[in-house]
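Working notes, structure below.
None of the values given here were measured: they were computed from a predicted structure.
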Amino acid sequence: MLNEKEEFLAYTSKPDYRKADKHTYLGRFNFDMLTKFIGLTRVLTIVARGYMFESGEANIDRARRALCAWCSVPEPKKDQPKKAGQSQTDFGYLHEQFPELVDSSGNGWFYSFVQNTMRFIKDNPEKVPKPDLKKPEQLKGFAAAWRKKVMQYQVPLYSAHTKAAWIIRFDDILADALEQGALQNKDFELSPEFTEQLISATPKGVKPEVLITLYKYYMANTQVGTGWVILPVTNFDAYFGTTAFGRRYLQLLKEANIIETETGYGVSRYTFH
């Protein structure tokens with residue numbers, strides 16, 4: 001979560017399922033992200049920033065095309081003709097520009113990742129946690145749900161229609177990407193003495209690396225004049241490979257009076273006491 005360049009590769013490189021096990025087969029995702037599309041704001045912003053600033057100067061059009069390619073989902077074979085103004089969801093024509101993000105059939109990176117994840121669970125039940133074995137049942141309608149979401153992402157920011165009033169759009173993502181700038185590696189080393197202090201302060205039931213990562217993320221992302229940092233809880237869940245981060249660890253840290261946090265909709269803000 002601190003090394004944004006490494007995170008970008010996790011969202012754009014082809015996963016190596018040959019080395020996958022129950023702790024790694026979902027990569028930087030979890031099933032809330034795949035079934036409810038929670039936490040994709042950060043993912044899309046990281047992807048957009050990676051392509052927007054790859055030449056040094058901001059290229060908003062290229063970043064938008066990269067988002068379309070990453071989100072691409074093939075149209076149903078027996079799909080009816082689209083109504084006037086309906087958004088496109090199949091961006092297979094962008095394959096030559098972004099071969100790593102979409103194939104010529106319109107299978108975007110995220111769509112392919114979900115299909116490969118379901119296949120991995122089916123073919124390797126011994127490498128998957130038992131609760132996850134039934135997850136493919138929840139993903140059977142993924143293509144239709146994702147197609148609808150991709151159409152919403154393309155609703156113009158100032159559209160007179162209200163369907164997308166409460167969802168993220170590519171325009172929002174591109175604005176955030178432009179403000180945040182090029183990807184950075186924000187990781188840094190803490191002194192051994194301070195590391196030991198954090199470990200000693202970690203309440204029972206919380207892994208020490210959680211508090212250490214939270215502290216470093218806080219220091220790397222605190223804006224001047226504020227004492228709060230936006231925390232992408234769902235993405236931290238995926239990073240640590242467990243939903244215990246958002247469901248248990250944050251509450252334990254709050255009860256121990258180490259951090260103050262307010263959580264909702266997969267995101268929170270937090271500060272250190």
Side-chain angles (χ1 to χ4, degrees), residues 1-48 50 66-67 69-73 100-103 107-147 149-150 153 168 173 183 187 206-207 209-210 213-214 217 231-250 263 265-268:
M1 296 300 294
L2 288 159
N3 189 337
E4 297 171 341
K5 296 179 179 180
E6 182 181 81
E7 191 173 355
F8 171 78
L9 293 176
Y11 301 145
T12 57
S13 300
K14 186 176 181 180
D16 187 354
Y17 289 97
R18 294 172 301 177
K19 299 179 181 179
D21 57 31
K22 64 178 63 179
H23 302 293
T24 63
Y25 84 97
L26 280 172
R28 288 289 191 103
F29 294 86
N30 60 31
F31 280 104
D32 279 347
M33 300 173 75
L34 305 188
T35 58
K36 302 175 184 178
F37 307 125
I38 298 173
L40 291 188
T41 299
R42 179 180 176 86
V43 175
L44 293 173
T45 303
I46 290 288
V47 171
L67 289 176
W70 193 90
C71 293
S72 182
V73 53
E100 72 279 16
L101 299 184
V102 62
D103 65 23
N107 298 294
W109 192 96
F110 188 55
Y111 178 78
S112 296
F113 175 79
V114 172
Q115 304 306 311
N116 289 332
T117 296
M118 289 192 291
R119 190 175 300 112
F120 180 85
I121 294 173
K122 180 180 178 181
D123 296 342
N124 303 276
E126 75 285 353
K127 294 184 178 181
V128 176
K130 288 185 178 180
D132 291 358
L133 293 176
K134 296 181 179 180
K135 296 296 185 180
E137 293 294 322
Q138 301 177 22
L139 290 167
K140 281 187 175 180
F142 173 81
W146 183 236
R147 189 174 295 111
K149 185 65 65 174
V150 175
Y153 286 165
I168 58 173
I173 297 299
L183 298 173
D187 201 2
V206 178
K207 296 180 179 180
E209 59 263 31
V210 170
T213 303
L214 267 179
Y217 189 84
L231 179 66
V233 178
T234 301
N235 303 99
F236 265 85
D237 276 336
Y239 174 74
F240 287 120
T242 172
T243 56
F245 174 78
R247 297 179 180 179
R248 186 158 55 91
Y249 294 163
L250 287 180
T263 305
Y265 303 101
V267 179
S268 76

Answer whether the closest heavy-atom distance between the side chains of Tyr153 and Leu40 falls below 4.5 Å.
yes
No-hydrogen, no-angle side-chain donor-acceptor test under 3.5 Å, Asp132 and Tyr25:
yes
Asn107 and Ser112: which non-hydrogen atoms are nearest, and at how many Å?
CB-OG, 3.5 Å
Residue of the set Leu26, Val114, Val43 for which side chain to side chain contact (heavy atoms under 4.5 Å, CB included) holds with Met33
Val43
What is the distance from atom CD1 of Ile168 to atom OG1 of Thr41, rounded to the nearest 0.5 Å?
3.5 Å
Donor-acceptor check, side chain of Asp237 to backbone of Gly246, threshold 3.5 angstrom: yes or no?
yes
Under the side chain to side chain contact (heavy atoms under 4.5 Å, CB included) rule, what do Leu231 and Phe245 come out as? Steps first, then yes or no, please.
CA-CA 12 Å; Leu231 179 66; Phe245 174 78; 4.1 Å; yes
Between Lys149 and Phe37, is NZ or CZ placed under 6.0 angstrom from the six-membered ring centre and within 45° of the ring axis?
no
Please report the shortest heavy-atom distance between Ala48 and Ile173, naming the atom on each side.
CB-CG2, 4.0 Å
Do you know which two heavy atoms are closest between Tyr11 and Arg28, and how far apart they sit?
CE2-CB, 3.5 Å
Are Lys14 and Glu100 side-chain neighbours, meaning at least one heavy-atom pair lies under 4.5 Å?
no
Could you grab the distance from atom CD of Glu126 to atom CG of Asn124, nearest 0.5 Å is fine?
5.0 Å
Between Asp32 (side chain) and Lys36 (backbone), is there a donor-acceptor pair under 3.5 Å?
no
For Tyr111 together with Trp146, are the ring centres under 6.0 Å from each other?
no
On a heavy-atom basis, the closest approach of Pro15 and Phe113 is CG-CD1, 4.0 Å
Under the ring-ring contact (aromatic ring centres under 6.0 Å, His included) criterion, do Tyr217 and Phe236 qualify, and how do the steps go?
CA-CA 11 Å; Tyr217 189 84; Phe236 265 85; 5.1 Å; yes
For the CG atom of Asp103 and the OG atom of Ser72, what is their distance to the nearest 0.5 Å?
8.0 Å
Worked check of side chain to side chain contact (heavy atoms under 4.5 Å, CB included) between Tyr17 and Thr117
CA-CA 9 Å; Tyr17 289 97; Thr117 296; 3.9 Å; yes
Say whether, by atom type as modelled, one donor and one acceptor occur between the side chain of Asp187 and the main chain of Leu2 under 3.5 angstrom.
no
Roughly how far, to the nearest 0.5 Å, is CG of Leu34 from CD of Gln138?
10.0 Å
Excluding sequence neighbours, so at least two apart, what forms ring-ring contact (aromatic ring centres under 6.0 Å, His included) with Phe8?
Tyr51
Verify whether one side chain among Thr24 and Asp21 offers a donor that lies under 3.5 Å from an acceptor in the other.
yes
Rounded to the nearest 0.5 Å, how far apart are CH2 of Trp109 and OG1 of Thr12?
7.5 Å
Starting from the C-alpha separation in whole Å, work towards a yes-or-no answer on side chain to side chain contact (heavy atoms under 4.5 Å, CB included) for Leu214 and Tyr249.
CA-CA 11 Å; Leu214 267 179; Tyr249 294 163; over 6 Å; no
Compare all side-chain heavy atoms of Phe31 with those of Leu139 and state whether any distance is below 4.5 angstrom.
yes
If every non-hydrogen atom of Pro125 is compared with every non-hydrogen atom of Asp123, which pair is closest and at what distance?
CD-C, 3.4 Å
Full working for side chain to side chain contact (heavy atoms under 4.5 Å, CB included) between Asn116 and Arg119
CA-CA 5 Å; Asn116 289 332; Arg119 190 175 300 112; 2.6 Å; yes
What's the spacing between Ile121 CD1 and Glu137 CD if we round to 0.5 Å?
10.5 Å
Closest non-hydrogen atoms of Leu183 and Gly50, given as atom of the first, atom of the second and distance, are CD1-CA, 3.6 Å
